[in-house]
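What follows is one structure encoded as structure tokens, with my remarks underneath.
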Amino acid sequence: MIDVRIATWNVNSIRSRIDRVEAWLARSDVDVLAMQETKARDAQFPYARLHDLGYEVAHHGLNQWNGVAILSRVGLDDVRVGFDGDPGWGEPLAAEARSIGATCGGIRMWSVYVPNGRAIGDPHMAYKLDWLARLREQASAWAADGTPVALCGDWNIAPQDDDVWSMEYYLDKSHVSPPERAAFNAFLDAGFVDVVRPHAPGPGVYTYWDYQRLAFQKRRGMRIDFVLGSPSFAARVAGAAIDREERKGAGASDHAPVVVELTD
DNA sequence: ATGGTAGTAGAACTA
């Protein structure tokens, strides 16, 4: 085992964000990055520029939507695209590019982009809940033998009232509904731990701010990006932080990177 | 005020 810095970041298009991603990797010094919403097919992904920074890269992208990747400079083995039981979407029903796993520095990393339920009662909401239930089943199995597992990504759920800038605003909207929170809490009940919250407690601590209505400037955000660690992973967490500085300025993603430091 | 921004696209869809 080695000391490792891992991170998760919804980049909202790798092709439009590659300059900022490169600069952030250089100054953040992370060893492993789980990326979501690359919005690119594999053939469009800028592998070479990330290789030049010293990272091995596994990407899964089928079209202009979704897309997930894992970057690592501490090994990238046993890459797995998707998980058993992914309910899929569309006609014909097919798994979207929302999950990829790899073993990096002894950690089983997963980059997950949980479906956006859009609205209460929307068919996308049922898909989201089903997708999460299936992922939880698999995640429990991955961690059952004591393997350190990290489920990293954009969960599109704000599990606690303090995780949104206004519960009044989100009343009866997606991301805060009881079924979504139950789907998230099922991971905690299964033994996974939100390893960032103790090091970045709320209220007022978020990972996502809408591009519209000056949400970032008005501090109107949501905490929806999480690293959920299995017990053996959580035991090694020495620190964590949300890099809200990266949300600033022209050309920022609407999500901030979330960094977790592990010790031996 | 049923808006606003940003991404993929090259019109509308997604978030």
Side-chain angles (χ1 to χ4, degrees), chain A residues 8-24 34-46 49 59-69 86-99 111-132 152-159 163-166 168-177 180 183-184 206-226 242 244-258:
Chain A
T8 186
W9 190 10
N10 178 323
V11 297
N12 187 19
S13 170
I14 187 60
R15 285 174 289 166
S16 69
R17 207 79 58 211
I18 183 62
D19 289 346
R20 281 191 74 132
V21 170
E22 276 187 346
W24 186 80
M35 200 183 274
Q36 301 86 37
E37 273 210 276
T38 59
K39 291 186 171 177
R41 301 188 302 273
D42 290 345
Q44 299 172 307
F45 193 88
R49 293 182 63 171
H59 176 255
H60 176 44
L62 298 171
N63 49 42
Q64 70 269 44
W65 310 122
N66 315 307
V68 284
D86 184 324
W89 180 258
E91 181 59 44
L93 207 56
E96 299 182 300
R98 295 184 176 277
S99 61
S111 178
V112 301
Y113 179 43
V114 176
N116 188 317
R118 300 197 181 185
I120 311 301
D122 190 297
H124 290 85
M125 184 61 77
Y127 168 46
K128 175 183 194 173
L129 297 174
D130 194 15
W131 195 95
L132 283 164
C152 308
D154 176 356
W155 293 74
N156 271 315
I157 297 170
D163 296 337
V164 297
W165 64 274
S166 164
E168 190 174 53
Y169 177 84
Y170 284 103
L171 187 65
D172 296 329
K173 291 191 173 69
S174 175
H175 292 62
V176 301
S177 71
E180 290 169 278
F184 185 90
Y206 310 123
T207 65
Y208 162 85
W209 299 261
D210 198 295
Y211 284 124
Q212 299 182 58
R213 290 162 293 204
L214 299 173
F216 182 69
Q217 291 82 344
K218 293 180 178 176
R219 299 183 177 272
R220 294 178 172 178
M222 311 173 81
R223 187 199 293 251
I224 57 175
D225 300 87
F226 296 94
I242 298 162
R244 74 182 296 282
E245 289 299 307
E246 178 54 36
R247 180 61 179 80
K248 295 179 178 176
S253 169
D254 43 3
H255 294 253
V258 179

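Every chain is numbered from 1, with letters handed out A, B, ... down the list of sequences. Bear in mind that the values here come from a model prediction, so they are computed numbers and not experimental data.
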Q: Could you tell me from which nucleotide to which nucleotide of DNA chain B, 5' to 3', there is an atom under 4.0 Å from chain A heavy atoms?
A: B:dG4 to B:dA15
**Q.** A:Lys128 side chain near A:Ile157 side chain, heavy-atom distance below 4.5 Å
**A.** yes
Q | Contact check, side chains of A:Val114 and A:Arg98, non-hydrogen atoms, under 4.5 Å | A | no
Does [X] reach a base, just sugar-phosphate, or nothing at all? Heavy atoms under 4.0 Å.
X	answer
A:Arg17	sugar-phosphate
A:Gln36	nothing
A:Tyr113	sugar-phosphate
A:Gln212	base

Q: Please figure out whether A:Asn116 or A:Tyr211 has its closest DNA chain B nucleotide nearer the 5' end.
A: A:Tyr211
Q: Identify, between A:Arg213 and A:Glu37, the residue whose nearest nucleotide on DNA chain B lies closer to the 5' end.
A: A:Arg213
Separation between the [atom1] atoms of [N] and [M], rounded to whole Å:
N	M	atom1	value
B:dA15	B:dA9	C1'	15 Å
B:dG4	B:dT14	C1'	16 Å
B:dT8	B:dG3	P	24 Å

Q. So, A:Gln36 versus A:Ser111: side-chain donor-acceptor pair below 3.5 Å or not?
A. yes
Q: Measure up the A:His255 and A:Tyr208 rings against each other and bin them: parallel (under 30°), tilted (30 to 60°), perpendicular (over 60°).
A: tilted
(Q) Is the ring pair A:Tyr206/A:Trp209 parallel, tilted or perpendicular, if the boundaries are 30 and 60 degrees? (A) perpendicular
Q) Is the NZ or CZ atom of A:Lys218 both under 6.0 Å from the centre of the six-membered ring of A:Phe216 and within 45° of that ring's axis? A) no
